[in-house]
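In what follows, residues are counted from 1 in the order of the sequence shown. Note that the structure is predicted; figures quoted are calculated from it, not measured.
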Amino acid sequence: MAVELKSSDTIAKTRNIGIMAHIDAGKTTVSERILFFSGKIHRLGEVHDGEATMDYLEEEQKRGITITSAATQCFWKGYRINLIDTPGHVDFTAEVERSLRVLDGSVAVFCAVAGVEAQSETVWRQANKYKVPRLCFINKMDRIGANFEKAIRSIRTKLGARAAPIQIPIGAEKDFQGVIDLLEGQEIYFDDPEGMQFRIQPVSPKNQAVYTAARESLLESLAEIDDDFCEKFLGGEEIDAGALRTALRQGTVSGALNPVLCGAALKNKGVQQLLDAVCHYLPCPADISVEGKDPAAPEEVVERRPYRDEPFSGIAFKTIADKNGDLTFIRIYSGEIRRGDEVYNPNRRMSERIGRLYLMHAAQRIPIEEAAGAGDIVAVIGLKKTYTGDTLCDERHPILFGAMDFPETVISQAIETVSTMDRDKLANTLAILAKEDPTFNRQMDPETGEMIISGMGELHLEIIVNRIVNEFKVEVRVGKPSVAYRQTLSGRAEVEGRHIKQTGGHGQFAVVNMIFEPCGQPDNEFENKIVGGTVPREYIPSVERGLRDSFRRGGALRYPFVNIKATLFDGKAHEVDSSDLAFQLAGSLAFREALARVRVILLEPRMRFEIVVPAEYLGDVVGDMNSRRAEVHGIETEGHLRTIRGLVPLAEMFNYTTNLRSMTQGRGTSSLEPAEYSPVPENIAEKVRADRLKALEERAKR
């Protein structure tokens, strides 16, 4: 059924929100209940049954986890809510990153038992990066061990957030009965075992003291961030629910505080109140400033008002491969687009034509017959050269929005087809997957011809391989996962790179004098200090290209070089025999000379870990982590559970989940996220180098 986006869907009553959380905190269940209560779906599907609406991929249904962000929209009390459900597993953090880049607000879901977990911190940092206003929802209040106050403390201490409860629970665990609304002074009871109906009554005498104290705390939080509100509060004025709601909305939109609600989504409790809070407190598109740069003058700031009568602008934030044409998701910031319109991509400096326009409901496509406009999140077919993070705009009114940053891959493995006839099909499949997923890379080893795929973790690559086999029907074999090591220099080297050949006719002549040294940046730096034109200006970029190619190739071990500053300070050229190629080769030779003079340091990715185990297993687990070269930074006590945090080399953590289950009789949980690259101890580095050289030699013989 086609839809028309009517003008009555005003900007003021539009909410573009995401649901974000650590894995298993219940965010997809929250999304499912939002769709159910808003009337978007009429039958609840459960994550554990593989039937959740927003988990539509076969791998998601089979594993019971969210792998890719899914978009939908629903209506609640006259408000239109465009909703994106995001993954909670760290291997798919890029899905959260690109969703938060285009959302106006978010609901952060926390487990009432565990509070803030490792991936909770990651997604919170991502939301901070894009200044996304947030509500907090403490879920699973009916679980054994649920503790609302503990969860609030963890939000404040671990995330540094100003958590401001606007509800407090009535009971917990099996005695969780409802919530007290601190604005309206009401008790909301979920008498229905399935939470479909609720009962409202004034605050009872037995709960009056706790209500008064909690409301006073909320007023104090608002007084700290709002001068006008502070005057009323200190002056003893009566503050009604409307004034409270206005101050809360201003504080939420500005990012000064985060309203907190609670419930039990699996039992349908508290979700309707959460929907009310989304409409009351999270921003509409008009509340968020829209700024970019002029592509022709990057120092110039360009503004767009989020209305349909403005020039069109938007960001492509996700791509899904389709046999009928790639499906590109676009957040429209200003103006309108229609089927057949031509839009300009300033990142690629080319125009694209809009084919078909859709609203998405998970995997379902709903055609848009009229225009889509400011505030909408839509999917488009017809864009051929537009990638994640690209800006789209009116060519007569160009604007360039900030790019998205994605983490470096940390794990890789070799992949090959079972049948040689499928090689081209595999190459095409990998290209499609790389366009869909900016944290998935593939490259051909130039010396062995072997295809290497890289990703964010074991699960990431496992799911990629399963999709290749099941979705794209390509039978493949894969090697064991391997760590994505890097290399850097231990010290400074001043060298000369000479590429001089005379072969009759035009020869090749290029000499560069360079300094190579470690730098504090994660990337490599190139600095030109040529004075007097000893190396002509037109050849300077050639030297840099030669160096960057050498850094990428990675020398004998073929691990990329990082954290290196290269300074070109002198050189020689020949009027006839110098060329771009000659100076590229001279740059490469200079770096090779530096490698011969300075010790090379091997770097490995270290992961930030969080392990939660019952107290009786603490000694065994810590001892095991010490054997894995872990740095334990702290151990927290919560009841009978112990939470261990620190850093550990990724190389030591393959198949760790299975080992942890064995050590703790299935009662321990763990999570990892990329943290940093650091030097490998020399005794281990020697073995890594020897194994790597042997593997490369064996590949070359195949």
Side-chain angles (χ1 to χ4, degrees), residues 10-17 76-79 81 103-108 124 127-138 149 152-153 155-157 159-168 179-188 202-203 208-262 273-291 301 303 305-307 375:
T10 62
I11 289 290
K13 288 203 167 185
T14 296
R15 299 290 182 269
N16 290 313
I17 69 166
W76 179 254
K77 297 182 179 179
Y79 286 81
I81 300 173
L103 292 172
D104 301 326
S106 180
V107 175
W124 196 268
N128 284 341
K129 176 180 176 181
Y130 295 116
K131 299 179 181 178
V132 178
R134 277 144 279 174
L135 300 178
C136 300
F137 184 70
I138 310 297
E149 289 299 328
I152 293 291
R153 284 197 305 273
I155 292 171
R156 289 170 176 163
T157 57
L159 302 179
R162 190 188 291 269
I166 60 175
Q167 297 175 344
I168 55 173
V179 298
I180 299 175
D181 184 332
L182 300 181
L183 278 75
E184 300 289 351
Q186 297 172 335
E187 294 178 343
I188 302 172
V203 176
Q208 190 66 46
V210 68
Y211 159 70
T212 301
R215 192 174 194 274
E216 189 75 7
S217 177
L218 175 61
L219 295 177
E220 289 174 359
S221 295
L222 289 168
E224 289 176 6
I225 65 168
D226 187 319
D227 291 340
D228 292 338
F229 191 91
C230 183
E231 283 186 24
K232 293 178 182 178
F233 176 64
L234 295 177
E237 292 184 36
E238 183 64 29
I239 300 174
D240 61 17
L244 258 177
R245 194 165 285 123
T246 299
L248 268 168
R249 187 171 200 279
Q250 290 173 348
T252 305
V253 171
S254 69
L257 56 72
N258 307 102
V260 184
L261 302 92
C262 62
Q273 289 72 33
L274 176 62
L275 273 166
D276 288 339
V278 165
C279 299
H280 287 319
Y281 308 123
L282 289 181
C284 71
D287 293 321
I288 306 298
S289 63
V290 182
E291 292 184 349
V301 175
E303 293 187 15
R305 295 182 308 140
Y307 299 110

Side chain to side chain contact (heavy atoms under 4.5 Å, CB included) between Leu282 and Asp104, intermediate numbers included: CA-CA 8 Å; Leu282 289 181; Asp104 301 326; over 6 Å; no
Side chains of Thr252 and Leu257 in contact at under 4.5 Å (non-hydrogen atoms): yes
Expected output: side-chain Arg215 to main-chain Leu182 donor-acceptor under 3.5 Å: yes
Asp228: partners by side chain to side chain donor-acceptor pair (under 3.5 Å), with sequence neighbours left out: none
Donor-acceptor contact below 3.5 Å, side chain Gln167 vs main chain Cys262: yes
Other residues, nucleotides, ligands: >12 heavy atoms within 6.0 Å of Lys131 NZ: no
Beyond-backbone contact of Leu218 with Leu248, side-chain heavy atoms, under 4.5 angstrom: yes
Minimum heavy-atom distance Tyr307-Ala286, with the two atoms named: OH-CB, 3.7 Å
Rounded distance [0.5 Å steps], CD1 in Ile11 versus CZ in Arg15: 10.5 Å
Glu220: partners by side chain to side chain contact (heavy atoms under 4.5 Å, CB included), with sequence neighbours left out: Glu216, Phe233
Steps toward side chain to side chain contact (heavy atoms under 4.5 Å, CB included) verdict (Tyr130, Leu103): CA-CA 9 Å; Tyr130 295 116; Leu103 292 172; over 6 Å; no
Heavy-atom closest contact (Pro133 atom, Val253 atom, distance): CG-O, 3.5 Å
Side-chain donor/acceptor of Thr246 to backbone N/O of Gly242, under 3.5 Å: yes
Leu183 side, atom CG; Arg245 side, atom CZ - distance, nearest 0.5 Å: 5.5 Å
Minimum heavy-atom distance Ala256-Ile225, with the two atoms named: CB-CD1, 3.9 Å
Evaluation steps, side chain to side chain contact (heavy atoms under 4.5 Å, CB included), between Ile166 and Val260: CA-CA 6 Å; Ile166 60 175; Val260 184; over 6 Å; no
Spatial distance of atom CD1 (Ile152) from atom CD1 (Ile155) [nearest 0.5 Å]: 5.0 Å
Reported NZ-to-CD1 distance for the pair Lys232 and Ile239, which is rounded to 0.5 angstrom: 7.5 Å
Pairs meeting criterion salt bridge (Lys or Arg N to Asp or Glu O under 4.0 Å) with involvement of residues 248-262, two or more places apart: Arg249-Asp287
Shortest non-hydrogen contact from Cys230 toward Ala223: CB-O, 3.3 Å
Minimum heavy-atom distance between Cys279 and Trp76, given as atom pair plus value: SG-CD1, 3.8 Å
Shortest non-hydrogen separation from Ala12 to Cys284 and the atoms involved: O-CB, 3.7 Å
Step-by-step side chain to side chain contact (heavy atoms under 4.5 Å, CB included) determination, Leu159 to Asn128: CA-CA 10 Å; Leu159 302 179; Asn128 284 341; over 6 Å; no
Polar side-chain atom of Asn16 near backbone of Gly375 as donor-acceptor pair, under 3.5 Å: yes
Gap separating the CD1 atom of Ile180 from the OH atom of Tyr211, nearest 0.5 angstrom: 9.0 Å
Backbone of Cys136 reached by a side-chain donor or acceptor of Asn258 within 3.5 Å: no
Atom pair CG/OH of Asp276 and Tyr79 - distance to nearest 0.5 Å: 10.0 Å
